[in-house]
2 protein chains.
Amino acid sequence: MKDIARDLGVSVITISKVLRNHPDIGDETRQRVLARVKELDYRPNLAARSLVTGRTYLVGLVVPDLLHPFFAEIAKSLSDVLRESGYYLIVTSSEEDPNLEEQEINHLLARRLDTLIIASCRPTVDLFFRIEKQQTPYVLIDRSLPGLAANFVGVDDDAVGMLATGHLIDIGCKRIAHIRGPETSPSIRRMEGYKRALMRAGLKVTDDYIIAERKGDVGTKQRGSEAMGQLLSLKARPDGVFCFNDPLAMGAMNYALDQGLRIPEDIAVIGCGNLHYDDSLRVPLSSIDQHSRRIGEEAARLVITILNSKTPPKPETVVLRPELIVRRSTQRRAAKLASSKARPRL
Amino acid sequence: MKDIARDLGVSVITISKVLRNHPDIGDETRQRVLARVKELDYRPNLAARSLVTGRTYLVGLVVPDLLHPFFAEIAKSLSDVLRESGYYLIVTSSEEDPNLEEQEINHLLARRLDTLIIASCRPTVDLFFRIEKQQTPYVLIDRSLPGLAANFVGVDDDAVGMLATGHLIDIGCKRIAHIRGPETSPSIRRMEGYKRALMRAGLKVTDDYIIAERKGDVGTKQRGSEAMGQLLSLKARPDGVFCFNDPLAMGAMNYALDQGLRIPEDIAVIGCGNLHYDDSLRVPLSSIDQHSRRIGEEAARLVITILNSKTPPKPETVVLRPELIVRRSTQRRAAKLASSKARPRL
DNA sequence: GTTGACATCGATAACTTTACCGATTATCGT
DNA sequence: ACGATAATCGGTAAAGTTATCGATGTCAAC
């Protein structure tokens with residue numbers, strides 16, 4: 001910047017103002033500066049700018065697994081929306097490990113990011129109080145924490161459980177099992193929805209029908225397969241399964257099919273996530289769409305709102321309504337199907 | 001830092017040295033400093049550090065599509081390896097648009113990132129010369145550019161084409177078609193491999209059998225479906241198809257199956273990428289594994305090597321050997337199958 | 001007692017940019 | 001012609017950290 005200023009016989013401050021579209025500068029000077037800037041292919045040092053303005057124009061994203069299409073889609077839509085406002089995304093994965101998550105968040109805090117977006121696997125709220133003490137705004141996505149008044153964007157997981165289970169009931173299932181996810185709010189809520197739907201239909205909740213996620217996360221597809229094995233070995237074999245997410249459902253379906261069972265005739269299966277390949281599977285998979293893209297977009301919108309307001313606004317909660325997508329894995333009685341909009345995407 | 005220094009009656013410099021494990025500091029002082037640092041939950045301002053050291057400990061990743069599992073897997077493995085060395089990843093998507101890619105790279109250059117990792121969709125090399133002028137090291141992944149001596153990590157795409165096409169020939173296909181990808185080096189090379197394998201087997205190359213990627217990227221699965229439609233309308237219908245990647249193959253298979261064709265009996269299909277769900281599809285998909293995780297790991301290793309060496313080392317090229325994974329979509333003659341190691345993952 | 005080696009700590013300057021306010025000139029109404 | 005207002009530009013200081021080198025103290029060796 002000094003060089004340009006010297007070359008043009010103006011001050012460094014003038015250059016700085018031109019670069020930020022400050023209205024102080026006359027048109028002629030502005031043009032001369034811009035010309036020279038382009039000539040030298042000059043770009044201001046954003047680290048120095050951050051130092052004095054206190055803003056980095058960086059937003060941190062912490063997810064449990066970048067490979068999971070659900071989080072990948074969120075990352076993508078987040079990145080798209082934030083970019084339009086000049087913010088960039090620095091992503092990191094917690095691998096579903098609370099300690100790693102803490103470590104990552106600590107590092108991101110040191111970088112003085114403008115906001116954090118977190119799909120947390122932490123069981124307690126202490127870490128988030130620390131974040132608040134640092135004055136760093138944050139937005140929780142997908143997973144909420146009890147007793148924490150924070151910005152949150154996610155789907156109504158209670159409704160997810162009810163919708164999926166209710167659908168299985170509608171098509172005539174009597175013994176409905178549930179394969180759970182990791183110990184976080186979505187898994188808990190979806191199970192509650194599952195139980196409520198059963199009770200509402202006069203069916204009783206059987207503990208044997210609820211398969212918990214194991215600790216060592218071995219990869220959800222294989223886990224789904226194992227869980228289905230467990231279910232099929234029961235005396236009263238279930239005739240419908242609601243899986244926490246689609247990879248689990250894939251594994252579960254594979255196992256059942258390999259055992260010679262028919263889906264949905266012998267056992268119906270429904271997942272959650274509505275992933276892109278659901279309609280291309282051995283048996284196209286019914287699922288609950290949780291609007292992952294919109295979660296990203298809403299979170300981005302929230303972030304921008306927060307960063308544009310002088311004083312931190314009070315926490316906002318965005319809860320999206322899940323949507324039932326019926327495919328063959330639950331198409332047992334054609335009569336009952338009102339909304340069979342299997343939307344083909346990508 | 002000033003506060004801590006004042007509290008402890010030492011200088012700011014001492015604090016700084018302790019924080020960076022500089023050997024200058026005595027054990028007792030070091031402990032006192034660390035205690036106070038922990039007490040205040042203090043973290044040094046990395047923007048200021050960047051300003052004076054000239055390093056940001058940030059690595060930029062530019063990919064055409066974050067949602068594509070291939071790039072998602074690379075992002076994940078990159079992030080994992082880089083984190084161990086204290087580097088973080090800032091990711092951005094070019095949406096397969098050369099102009100957007102340029103814009104993104106410009107922005108990343110302004111941030112003075114330590115290295116860029118790029119899966120480029122640019123047709124020319126000019127932009128990369130600009131990057132070199134900025135002294136920012138970079139590593140190309142997946143896609144190389146002709147006439148550019150740069151660091152590169154990717155798979156041997158010529159071998160991919162030969163391996164896939166050769167496999168189709170081995171199982172008895174006579175009229176082998178190819179659905180291409182976007183106009184980048186992998187697509188070009190794979191087609192060359194495809195042609196060479198045909199010629200080597202004494203089969204002739206038919207232009208009608210080569211379907212080019214359309215400009216407006218509508219989502220590869222649907223594109224695969226359309227391409228298959230085009231192929232099936234030919235007088236001499238092909239009996240084998242090699243698809244540029246697995247999503248294309250999925251779409252192609254869906255269309256063929258919906259038309260009542262049998263896979264692989266009427267038409268065999270092979271893709272590339274070996275994605276996690278390949279073995280759960282309507283017809284489990286044969287594929288070429290391009291070792292996406294290792295691409296990320298090797299790229300990360302390269303980055304760390306570059307950043308640890310005082311002077312920029314001369315460009316390194318890492319070419320991985322592709323691996324054939326046979327599944328049902330090409331299992332026509334059981335005899336020929338030597339390496340049917342369908343590796344179940346996730 | 002002097003020398004040298006080593007361990008420990010600090011002073012100064014620099015990195016690049018921007019916020020804040022003051023200075024200068026031009027324009028305009030009366 | 002005068003003061004007032006607006007437009008345009010610049011000076012000073014500050015942001016939080018680190019590199020470099022110099023300063024001090026300790027101890028052993030001769």
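Because the structure is a prediction, the values reported are computed rather than measured. Naming convention: chains lettered A, B, ... in sequence-line order (proteins, then strands); numbering from 1 in each chain.
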For the backbone of B/Y57 and the side chain of B/D114, can you confirm whether one donor and one acceptor N or O come within less than 3.5 Å of each other?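 A pair under 3.5 Å: yes.
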Quick check on contacts: within residues 21-40 of chain B, what sits under 4.0 Å from DNA chain D by heavy-atom distance?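 Going residue by residue through residues 21-40 of chain B, none turns out to have a heavy atom under 4.0 Å of DNA chain D.
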Determine, step by step, whether B/L109 and B/I131 satisfy the side chain to side chain contact (heavy atoms under 4.5 Å, CB included) criterion, reporting the C-alpha distance in whole Å, the side-chain angles of both residues, the deciding distance to 0.1 Å, and the verdict. CA-CA 8 Å; B/L109 285 177; B/I131 299 181; 4.2 Å; yes
Below 6.0 angstrom between ring centroids: does that apply to B/F128 and B/Y138? yes
d([atom1], [X]; [atom2], [N]) in whole Å:
X      : N      : atom1 : atom2 : result
A/R20  : C/dT16 : CZ    : C1'   : 12 Å
B/R111 : C/dT16 : CZ    : C1'   : 16 Å
A/I13  : C/dG22 : CD1   : P     : 16 Å
A/L19  : C/dT16 : CG    : C1'   : 12 Å

According to side chain to side chain donor-acceptor pair (under 3.5 Å), who are the partners of A/R143, at least two apart in sequence or on a separate chain? A/E96
Determine, for [X] against [Y], whether the closest basic-nitrogen to carboxylate-oxygen distance falls under 4.0 angstrom.
X      : Y      : value
A/R301 : A/E316 : yes
A/E298 : A/R293 : no
B/D3   : B/R36  : no

Does a side-chain N or O from A/Y42 land closer than 4.0 Å to OP1 or OP2 of C/dT17, or not?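 It does, given that an N or O in the side chain of A/Y42 lies less than 4.0 Å from OP1 or OP2 of C/dT17.
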Dump the intermediate steps for side chain to side chain contact (heavy atoms under 4.5 Å, CB included) on B/V59 and B/L113, then the final yes or no. CA-CA 6 Å; B/V59 173; B/L113 302 191; over 6 Å; no
Could I get the full list of salt bridge (Lys or Arg N to Asp or Glu O under 4.0 Å) partners for A/D41, not counting sequence neighbours?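 For A/D41, the residues satisfying salt bridge (Lys or Arg N to Asp or Glu O under 4.0 Å) (neighbours in sequence not counted) are A/R43, B/R130.
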Could you list the residues that satisfy salt bridge (Lys or Arg N to Asp or Glu O under 4.0 Å) with A/D157, not counting sequence neighbours? A/R190
Taking for A/R49 and for A/K2 the nucleotide of DNA chain C with the nearest heavy atom, the one nearer the 5' end belongs to A/K2
On DNA chain D, more 5' by nearest nucleotide between B/K17 and B/T53 is B/T53
Examine the side chains of A/S11 and A/T14 and answer whether a donor and an acceptor come within less than 3.5 Å of each other. yes
Taking 5' to 3' order, which nucleotide of DNA chain D is first and which is last to have an atom within less than 4.0 Å of a heavy atom in chain B? D/dG16 to D/dA19
How bent is the helix from C/dG1-D/dC30 to C/dT30-D/dA1, comparing axes over its five end pairs at each side, to the nearest 10°?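 Between the axes fitted at each end of the helix from C/dG1-D/dC30 to C/dT30-D/dA1 lies an angle of 40°.
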